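In what follows, chains carry the letters A, B, and so on, assigned in the order in which the sequence lines appear, proteins first and then strands, with residues in each chain numbered from 1. Since the structure is predicted, the reported quantities are computational estimates derived from the model, not experimental observations.
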There are 2 protein chains.
Amino acid sequence: MTEQSRQGAVDKDLLSELHAQIGSKLTQQGHRYTNGRQELVEALMLTGQPMTLPDIVEADPKLAQSSAYRNLDVLVRCGVIRRINAGGDHSYFELAEPLLGHHHHLICMSCGSIEDVHFDSEIEHLVDKSLSEISARTGFTPTTHSLDLHGHCADC
Amino acid sequence: MTEQSRQGAVDKDLLSELHAQIGSKLTQQGHRYTNGRQELVEALMLTGQPMTLPDIVEADPKLAQSSAYRNLDVLVRCGVIRRINAGGDHSYFELAEPLLGHHHHLICMSCGSIEDVHFDSEIEHLVDKSLSEISARTGFTPTTHSLDLHGHCADC
DNA sequence: CTAGAATTGATAATGAGTCTCATTCCTGCA
DNA sequence: TGCAGGAATGAGACTCATTATCAATTCTAG
């Protein structure tokens with residue numbers, strides 16, 4: 001996890017396809033896909049793991065902190081980025097599920113790191129079914145669910 | 001949810017049994033189960049739903065904010081209380097699972113409220129099985145998992 | 001080219017949660 | 001019962017992640 005060179009499995013084509021997708025999403029909602037926003041998104045795409053704001057600014061030091069926070073917020077509200085509250089000092093950010101696929105998190109209680117994991121579809125299906133029942137029973141309308149594991153990562 | 005009179009399903013016997021249980025847990029770890037701590041726990045037991053610090057202080061105004069935060073922290077570290085990061089301004093607190101049973105949360109994205117729900121054991125079992133596989137595969141050692149629904153509550 | 005709106009970035013402000021410290025309260029022991 | 005030493009308390013100061021402000025800059029439609 002200290003390995004800086006770790007990158008998500010994104011080749012150049014997928015990357016620019018994502019940019020295009022995000023760009024039109026922003027435009028639709030009356031926002032511009034500016035340089036700063038692209039760089040923000042690109043940092044997240046290249047890292048391929050949830051990042052805190054300090055992580056992001058360190059990865060791309062030309063990003064101003066205040067703008068980064070503001071743009072993160074815009075992107076979250078546009079459904080491009082998802083904010084994860086892991087309990088540490090900082091929030092984590094990652095590409096939203098429409099872009100990254102549905103997945104879950106391994107949250108290390110020692111070092112605070114977060115890693116993505118995918119569950120097999122059988123489980124997801126059962127969970128969904130169960131969640132539908134809950135919704136019907138309680139009148140709650142679910143938008144999404146989060147199933148995260150809290151424990152200790154392999155390094156800790 | 002604005003209903004102040006809502007109370008968890010705890011009768012007086014269960015309540016003092018819980019107090020005894022918690023008291024010995026604290027004593028074991030070299031802490032005292034003082035008045036302030038008992039009142040803190042009692043507020044959570046009576047409400048029966050996750051509460052923020054302002055909720056708690058409002059429910060029992062003789063609790064000092066700084067002491068409440070400090071004691072909440074002690075109780076969390078002793079495994080009596082669990083902290084929930086729902087994404088709003090405040091953390092939520094509730095009795096820990098050994099006392100309240102394993103359950104999940106309905107988190108309303110409009111009003112920020114949190115409600116407890118129990119899933120059927122079939123799902124829990126499958127989830128556990130799946131989580132074991134994940135652990136084996138990734139080297140992550142899970143302590144617990146959180147499966148929460150994000151959406152809109154019946155009132156919103 | 002230009003007006004109006006969106007964006008930027010430096011900086012100030014906000015506020016949840018934590019820390020400090022003098023005082024008070026317990027608990028074990030003589 | 002009295003006492004010493006540690007634990008707990010509460011008021012207030014403080015930290016620091018995040019947000020708000022605002023003047024300057026950049027886009028974009030016309």
Original post:
Is B:Y69 near enough to C:dT18 that one of its side-chain N or O atoms lies under 4.0 angstrom from OP1 or OP2?
Top reply: no
**OP:** Could you list the residues that satisfy side chain to side chain donor-acceptor pair (under 3.5 Å) with A:S16, not counting sequence neighbours?
**Re:** none
Subject >> Leading and trailing nucleotides of DNA chain D with any atom under 4.0 Å from heavy atoms of chain B >> reply: D:dG6 to D:dG12
**OP:** For the helix from C:dC1-D:dG30 to C:dA30-D:dT1, measure the angle between the helix axis at one end and the axis at the other, each built from five pairs, rounding to 10°.
**Re:** 30°
**OP:** Could you tell me whether a side-chain N or O of B:S132 sits under 3.5 Å from a main-chain N or O of B:D128, the two making a donor and an acceptor?
**Re:** yes
Subject >> Distance (rounded to the nearest 0.5 Å) between A:H31 NE2 and A:R37 CZ >> reply: 6.0 Å
Subject >> Sugar-phosphate only, base, or nothing, as touched by A:Q65 at under 4.0 Å among non-hydrogen atoms >> reply: base
**OP:** Under the side chain to side chain donor-acceptor pair (under 3.5 Å) rule, collect the residues that match up with B:S66, sequence neighbours excluded.
**Re:** none
Original post:
Can you give one letter per nucleotide of nucleotides 3-9 of chain C, going 5' to 3': B for a protein heavy atom under 4.0 Å from the base, S for sugar-phosphate only, - for none?
Top reply: --BBSBB
Original post:
So, A:S146 and B:H150: side-chain donor and acceptor under 3.5 Å apart, yes or no?
Top reply: yes
Original post:
When the distance from CG of B:D55 to P of C:dG17 is rounded to whole Å, what number comes out?
Top reply: 11 Å
Subject >> Under 3.5 Å donor-acceptor, B:T47 side chain and B:Q49 backbone >> reply: no
Subject >> Atom-to-atom span, CD1 of B:I56 to C1' of C:dG17 - whole angstrom >> reply: 13 Å
Subject >> Under 3.5 Å: donor-acceptor pair, side chain of B:H118, backbone of B:H102 >> reply: yes
Subject >> Same cluster (ILVMFWY, side-chain, under 4.5 Å), A:Y33 and A:I56 >> reply: yes
Original post:
Is A:I107 reachable from B:L131 through a run of hydrophobic residues whose side-chain heavy atoms are each under 4.5 Å from the next?
Top reply: no
Original post:
Given atom CG of B:L53 and atom P of C:dA16, what is their separation to the nearest angstrom?
Top reply: 10 Å
Original post:
Residues in side chain to side chain donor-acceptor pair (under 3.5 Å) with A:Q38, at least two apart?
Top reply: none
Subject >> Side-chain (B:R82) to main-chain (B:F93) donor-acceptor, under 3.5 angstrom >> reply: no
